[in-house]
There are 2 protein chains.
Amino acid sequence: MKLDPRHLEIIAAIVDQGGLTEGATALGRTQPSVSRTVAMLEQRIGAPLFEKGRRPLVPTELCQALAVEGRKIGGAGKTASAIVGTYKAGHRGIVRIGGTPVFMDGVVSSIIAEFQRASPQVRIEQSYAYAAELMSQLDAGTLDLAVCPLNPAAIPAGFSFQPVLPGRNVIACGINHPLLMKRPLRLTDIAPYAWIAPPASSPLYQDMRHVLGEIGVTDFKISFSGGSLASITNILSQSDVLTVLPYSVVFMARRQKMLAALSVRIGHPERSLGILTKRDMEVRPAIRRFKRFVESEFRNLAQLIMQQEQNSLWRS
Amino acid sequence: MKLDPRHLEIIAAIVDQGGLTEGATALGRTQPSVSRTVAMLEQRIGAPLFEKGRRPLVPTELCQALAVEGRKIGGAGKTASAIVGTYKAGHRGIVRIGGTPVFMDGVVSSIIAEFQRASPQVRIEQSYAYAAELMSQLDAGTLDLAVCPLNPAAIPAGFSFQPVLPGRNVIACGINHPLLMKRPLRLTDIAPYAWIAPPASSPLYQDMRHVLGEIGVTDFKISFSGGSLASITNILSQSDVLTVLPYSVVFMARRQKMLAALSVRIGHPERSLGILTKRDMEVRPAIRRFKRFVESEFRNLAQLIMQQEQNSLWRS
DNA sequence: AAGCTTCATAGCAATGAGTTATGTTATGTC
DNA sequence: GACATAACATAACTCATTGCTATGAAGCTT
């Protein structure tokens with residue numbers, strides 16, 4: 001004897017509400033509908049579910065037992081609806097985000113932590129890659145969004161790029177670096193110090209070479225390379241080496257008194273940090289929500305940076 | 001967003017079976033049916049449930065979450081089916097049985113106990129009444145079956161009466177009663193002893209008067225009346241009074257060495273103990289099962305009584 | 001690259017669930 | 001005891017959904 005779960009749900013509603021009419025309204029149906037359903041059920045299972053000829057409708061033992069199951073079904077249905085609701089509101093799902101390593105570690109991971117505080121049901125799958133690889137992964141559909149520096153004027157067709165921060169770099173050092181005391185700081189003061197080199201495939205590497213050329217440092221010493229941000233930060237803190245990092249990364253680290261930046265104005269590349277997405281990809285609610293959150297956080301960050309700039313850092 | 005519980009069940013089946021086809025067969029449906037259902041669901045909730053273009057069908061996170069609810073629904077449905085199954089097999093339900101007090105207490109209650117050992121899910125609602133009241137309750141539908149002594153030749157129309165034991169009475173006494181030692185036992189020996197009288201409305205009361213007349217006891221002393229079988233048994237055990245009881249009741253009590261019967265052959269009324277039911281009443285499975293069980297137990301009892309009779313009791 | 005398995009789609013019939021309108025039946029009140 | 005009322009039952013009809021078979025399309029396997 002196979003029973004339609006909807007019927008069990010109806011039974012439960014009738015028993016709980018104490019009447020056909022109330023049960024029907026509780027289910028959003030009309031009274032005749034549930035009445036007929038009950039009649040059909042009774043005929044089908046060959047047993048009465050409610051005592052006949054009793055006006056405060058009194059359920060049979062069998063009916064009570066079935067109502068217990070019906071309640072379970074009703075509960076499961078409600079939580080299923082809630083699940084779909086939270087999914088559609090973007091509070092549940094998966095977001096696969098990729099980005100350049102230093103930027104992801106230095107800025108985006110904090111934003112992710114903040115996001116997950118509000119939406120713990122959203123799973124974030126993070127991966128590291130540079131622009132070309134990010135694009136191919138977006139194209140293959142194995143990534144939902146990417147955060148990386150790109151030239152806004154040269155975005156390939158089919159992609160959408162939303163700049164969030166200027167792609168400005170700074171020369172980073174530990175917070176006790178001797179050069180921080182030097183006023184004024186001359187470029188020749190910088191020359192003696194060794195450098196940390198970002199990975200050769202990283203855009204930062206190119207940036208560093210460019211910066212060093214720009215400030216006239218021709219023969220520089222590389223004392224470390226190949227580490228991720230955590231290693232770089234440690235080494236910067238505990239020695240007097242220098243490196244080139246995105247300003248936003250140093251800005252975030254400055255808050256925890258882990259890194260500092262030299263007051264040297266260096267040219268910035270023709271790139272902006274931004275969010276790269278595939279244009280015709282279906283945007284799942286969690287992705288949309290996450291993207292908006294990231295954008296909002298970046299706006300805040302940009303604001304903070306601008307205030308800070310006006311106050312202290314770049315006064316010449 | 002309201003979801004059809006059957007759809008959730010389908011999702012669960014697909015996820016658990018690892019494929020559309022297997023899920024479909026597990027549900028007893030065809031593959032195109034569930035395929036279309038899934039497509040409709042995906043469109044309705046606006047989210048994919050399975051990754052597109054993957055042949056070992058891989059469910060979405062959302063789908064997994066919904067499948068959990070679907071499993072609950074499936075489980076509830078299965079137990080509901082089982083409930084109906086046990087109901088239809090007569091292993092669940094209510095049986096309302098009524099009968100004459102002494103007979104219910106002395107014989108039927110033991111049978112009920114035995115029945116409930118095998119079918120604990122069947123609730124027995126027992127009540128006490130005499131024939132006329134039993135009939136009216138059967139007629140009103142507040143009783144499912146009655147056990148009482150009746151004349152099988154005079155059953156009102158609309159009722160069905162199935163005799164299960166001859167309506168034989170005996171003179172009952174405690175197991176240490178002096179008369180049990182007397183061989184041969186003469187009727188004049190009985191005269192001095194006092195009697196317990198059944199309720200005046202009871203058929204046993206008439207029987208007792210009849211029996212006493214029959215054996216020539218004209219002026220007898222009533223020492224107790226109005227008690228139920230438990231009281232009667234106690235008083236019989238602890239004093240030398242006598243009473244008239246159905247043979248089957250004394251037979252059952254004899255097993256526990258609580259009562260005995262005098263070896264006096266007395267006439268028996270034109271009544272049989274039997275099961276009285278209303279003819280056109282719908283017979284619920286549990287009632288049918290219980291009735292058959294009672295009949296079978298009574299057959300066994302009749303057999304036992306017959307054997308016992310041939311051996312010892314009524315040898316003259 | 002071919003073959004096999006599995007999923008998707010189409011067209012059609014039938015069941016079932018929804019609706020409104022209306023009848024029936026308990027229950028409470030005078 | 002008759003009437004009013006509220007709740008349940010029934011009727012007639014519409015429409016969404018599911019069932020089926022047949023067939024196309026797409027991955028995975030060898």
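Just so we're on the same page: letters track the sequence lines, and every chain starts at 1.
A:Met40 has its CE atom 15 Å from the P atom of D:dA9, to the nearest Å. Put simply, CZ on B:Arg6 is 15 Å from P on C:dT15, counting in whole angstrom units. Rounded to an integer number of Å, the gap from CZ of A:Arg44 to C1' of C:dA17 is 12 Å. The interatomic distance linking A:Glu51 (CD) with D:dC8 (P) rounds to 15 Å, in whole Å. For the pair B:His7 NE2 and D:dT17 C1', the computed distance is 8 Å after rounding to whole Å. Distance A:Phe50 CZ to C:dT25 C1': 17 Å, rounded to the nearest Å.
In terms of phosphate contacts, B:Thr30 brings no side-chain nitrogen or oxygen within less than 4.0 Å of OP1 or OP2 of D:dG19. In this structure, B:Arg29 does not reach the D:dT17 phosphate: none of its side-chain N or O atoms is under 4.0 Å from OP1 or OP2.
In this structure, B:Glu42 pairs ionically with B:Lys52, as a charged nitrogen and a carboxylate oxygen lie closer than 4.0 Å. Using a 4.0 Å cut-off between charged side-chain N and carboxylate O, B:Glu114 and B:Arg117 make a salt bridge.
Panel note: side chain A:Ser119, backbone A:Gln116; no donor-acceptor pair is recorded below 3.5 Å.
When all heavy atoms are compared, the tightest approach of A:Arg92 to A:Ala286 is O-CB, 3.6 Å.
Both A:Pro56 and A:Gly28 lie close to DNA chain C; mapped to their nearest nucleotides by heavy-atom distance, the more 5′-ward contact belongs to A:Gly28.
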With sugar-phosphate taken as primed atoms, P, OP1 and OP2 and all else as base, the protein-contact string of nucleotides 3-14 of chain C at under 4.0 Å (heavy atoms; B, S, -) is ---BBBB-B---
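A perpendicular orientation is assigned to the rings of B:Phe290 and B:Phe115, their planes being inclined by more than 60° (bins at 30° and 60°).
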How far apart are the C-alpha atoms of A:Glu9 and A:Arg6, what are their side-chain angles, what is the distance that settles it, and do they pass the salt bridge (Lys or Arg N to Asp or Glu O under 4.0 Å) test?
CA-CA 5 Å; A:Glu9 212 178 338; A:Arg6 290 175 301 177; over 6 Å; no
